[in-house]
Amino acid sequence: MALLQISEPGLSTAPHQHRLAVGIDLGTTNSLVATVRNGVSVVLNDARGHGLLPSVVRYHKDGSTTVGQAAQAQAAEDPHNTLISVKRFMGRGLKDIPDAATMPYQFVDAPGMVQVKTVAGVKSPVEVSAEILRVLKARAEAALGGELVGAVITVPAYFDDAQRQATKDAAKVAGLNVLRLLNEPTAAAIAYGLDNAAEGIYAVYDLGGGTFDISILKLTKGVFEVLATNGDSALGGDDFDRRIYCWALEKAGLHAIGDHDKTLLMARSREAKETLSEHAEAHITAVLAGGELVDQRLSEAEFNQITESLVKKTLAPTRKALRDAGLAPEDVKGVVMVGGSTRIPRIQAAVGEFFGQAPLTNLDPDKVVALGAAIQANVLAGNKGGDDWLLLDVVPLSLGLETMGGLTEKIIPRNATIPTARAQEFTTFKDGQTAMSIHVVQGERELVADNRSLARFELRGIPPMVAGAARIRVTFQVDADGLLSVSAREMGTGIEAAIAVKPSYGLTDDQVAGMLRESYAYAQDDMAARNLAEARVDGRRLLEATRAALEEDGETLLDERERAALATMLAELEAALGGDDLAGVKRATEALNRGTVEFAARRMDLSVKKALTGHRLDELEI
Amino acid sequence: MDFNKNHFDLFGLPATFALDGARLDQAYRDLQAEIHPDRFAHAGEAEQRLAMQWATRANEAYQTLKKPFERADYLLRLRGIEAMAAGNTAMPMDFLMAQMEWRERLAEAVAAQDMTALEGLERALRAEAALHQSRLADELDVQKDDAAAAATLRKLRFTEKLLADVAGAYDDLA
């Protein structure tokens with residue numbers, strides 16, 4: 001038997017390794033994966049040299065899938081089973097999709113999130129997104145030659161909690177460790193800011209395939225501070241396509257057409273839109289299933305006219321974001337354009353007019369989000385070279401509770417910097433009331449019915465008292481991914497009842513686990529082997545983190561006995577990592593997690609002291 | 001972790017209403033640079049949890065001190081006065097009359113869809129808020145008259161509520 005090697009505490013066992021981390025732009029139309037290589041952020045291409053992966057998933061009868069270009073090319077042949085722009089359905093119910101009738105899908109209205117019936121069974125948008133993520137993960141691992149430590153996945157800044165949670169669930173189903181959910185405009189700002197060493201107020205105008213975001217950021221000495229964000233999570237390039245599609249149908253004198261023709265004509269409309277970004281006119285030509293010929297000429301002027309209201313629809317949120325930030329258009333030093341739809345000349349002109357300056361378009365608007373996400377992923381994975389800048393992002397929409405009369409009581413206001421927590425006390429309405437129903441909502445409107453319902457849960461076991469005597473403290477916590485958790489506690493009598501909720505709109509942990517199992521059945525992957533591999537990744541990460549921490553502060557913050565105790569736990573974890581026992585790996589990881597709590601607290605206190613002393617030194621120099 | 005430190009101590013600032021905004025910004029950024037969860041994304045669970053708690057604490061303290069109303073309210077609470085407690089609602093008659101006039105102006109501007117009138121109202125309210133703030137600085141830092149400061153703070157709340165309603169009206173007009 002080989003002897004276990006135990007390194008001396010404070011000494012690193014291996015040279016610092018570059019950890020493989022990626023940024024993923026999970027887009028409505030296209031998705032991309034990027035990474036930092038030799039200090040430069042680059043998009044990873046597939047074997048054919050394509051960077052963009054069309055966000056299109058086709059399901060086959062045997063449960064297998066085709067993702068990307070191939071699925072897109074065959075979309076018109078199999079419209080019911082080829083899911084396009086599925087991001088629009090993430091965290092949405094059927095009633096949230098106003099144009100559902102014009103889509104070729106058989107929707108199933110499930111509680112919280114809509115699902116789609118395919119030849120391979122009923123699929124949740126989470127599973128469909130996971131298929132896209134899985135392809136990007138495989139692409140990255142092939143290109144980088146190893147297992148990923150994790151990924152930063154971008155979401156529209158204006159995504160609410162349900163949409164964010166759905167995105168994180170999709171990553172889980174795809175077997176990706178999410179280092180952070182990052183807002184798309186912020187990711188773009190990173191890509192721009194680091195390239196251009198910018199300082200001042202910047203606006204990021206992000207019009208993607210299905211979502212619109214506007215973010216106002218302040219850049220100072222490496223700090224990216226989001227001041228305000230606004231947008232429309234159901235407005236994007238798809239809507240421009242649909243306008244052309246409707247226009248072409250009307251011009252051709254057609255009304256009801258089949259699903260094959262819908263998909264075909266939508267594709268032609270999209271092509272026409274892209275042509276119009278370069279040329280003064282475009283032709284929409286298609287032979288429909290019944291032999292009818294559609295052949296229409298669309299001029300840029302006509303296109304601008306039929307889409308003018310969409311362009312205007314982006315300026316209202318832009319105005320609101322500026323007002324929330326307490327700024328005027330002339331305070332903005334630069335406007336960054338993100339998303340393929342910002343190639344439309346009329347949009348560039350309208351944005352230029354609004355801000356009184358030509359927008360910045362020197363980075364590829366399709367790639368800039370993924371490039372920024374990769375830079376952030378590199379930092380979060382712990383690779384050197386990025387600890388001189390910091391992101392401070394915000395909650396896009398106010399979070400609150402339903403109170404008497406169906407009114408919303410805001411607990412966390414929109415544009416609060418994350419992470420954030422806020423507690424508020426409520427009381428009982430009736431004598432002897434022993435339970436309280438808590439309804440969590442998100443949105444700016446006064447009436448609960450006008451906002452998005454995120455979760456409902458009940459706090460039980462309140463001791464019977466007269467109305468108004470109980471004190472129920474409800475705490476909202478939003479983490480650095482922008483995800484909410486809520487807890488409630490009865491304070492009045494010292495009897496405490498608390499419940500933490502994972503918002504119930506989306507998927508339960510069991511459902512996610514079920515999807516995971518199902519997907520591996522098709523992928524012919526061994527679930528047990530997968531679990532062990534994941535536990536090992538977690539264990540190794542903790543092992544490395546603890547060793548690095550010991551190297552930095554072990555001598556100063558721990559006494560000899562404490563160092564020895566940690567060394568034992570480290571050795572046990574290392575030994576477990578060498579074996580095949582899943583429970584053993586988990587046990588040793590958990591033991592080290594518990595064993596480092598006090599050390600972590602001391603290190604954090606030291607960090608705080610460091611920040612404040614540094615600050616005082618600055619003052620002395622003045 | 002010392003959660004008992006007050007917000008001023010956390011940033012190494014004197015506990016006064018008058019505040020060096022640049023110093024607050026700098027101290028906040030310095031602290032976040034050390035303890036933000038992004039700094040600990042690859043660290044162990046315990047450090048990740050602590051980082052989130054500390055960053056949450058830093059954000060709360062910063063938001064409280066940055067906004068004049070919140071700062072004054074917090075300062076008074078440190079001195080044992082709940083200026084906004086229920087029951088402290090009696091306001092001078094002339095002040096209430098002035099409030100009614102503001103409200104009428106707002107309603108008229110909204111009814112007439114008059115953006116210029118709305119902007120004029122906003123400017124006037126901002127001037128009013130600034131007046132309350134300079135009074136607060138005097139009452140809290142110089143006179144040390146906490147009762148007077150509490151009364152001024154309640155007036156500031158009315159003004160800020162009006163400003164929020166003006167912002168809401170802009171949204172409706174836009």
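The figures here come from the full heavy-atom set of this structure, side chains too, leaving out hydrogens, waters and symmetry mates. A note on names: the letters A, B, ... follow the listed sequences, proteins ahead of strands, and every chain is numbered from 1.
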Please flag which part of [X] lies under 4.5 Å from any non-hydrogen atom of chain B: side chain, backbone, both or neither.
X	answer
A/A421	both
A/Q376	side chain
A/L543	neither
A/R603	side chain
A/K312	neither
A/T546	neither
A/E444	neither
A/V608	both

Subject >> Worked verdict on A/K221 versus A/E199 for side chain to side chain contact (heavy atoms under 4.5 Å, CB included) >> reply: CA-CA 7 Å; A/K221 298 186 196 99; A/E199 294 255 316; 4.2 Å; yes

**OP:** Among A/L542, A/V597, A/V223, A/T417, single out the residue with the greatest number of heavy-atom pairs under 4.5 Å to chain B.
**Re:** A/T417

Original post:
Which one, A/L315, A/L391, A/V149, A/D324, leads in non-hydrogen pairs under 4.5 Å with chain B?
Top reply: A/L391

Original post:
When the ring planes of B/Y74 and B/H7 are compared, do they come out parallel, tilted or perpendicular, using 30° and 60° as the limits?
Top reply: parallel

Subject >> Qualifying residues under ring-ring contact (aromatic ring centres under 6.0 Å, His included), relative to A/F426, sequence neighbours excluded >> reply: none

Original post:
For B/F40, what residues pass the ring-ring contact (aromatic ring centres under 6.0 Å, His included) criterion, not counting sequence neighbours?
Top reply: none

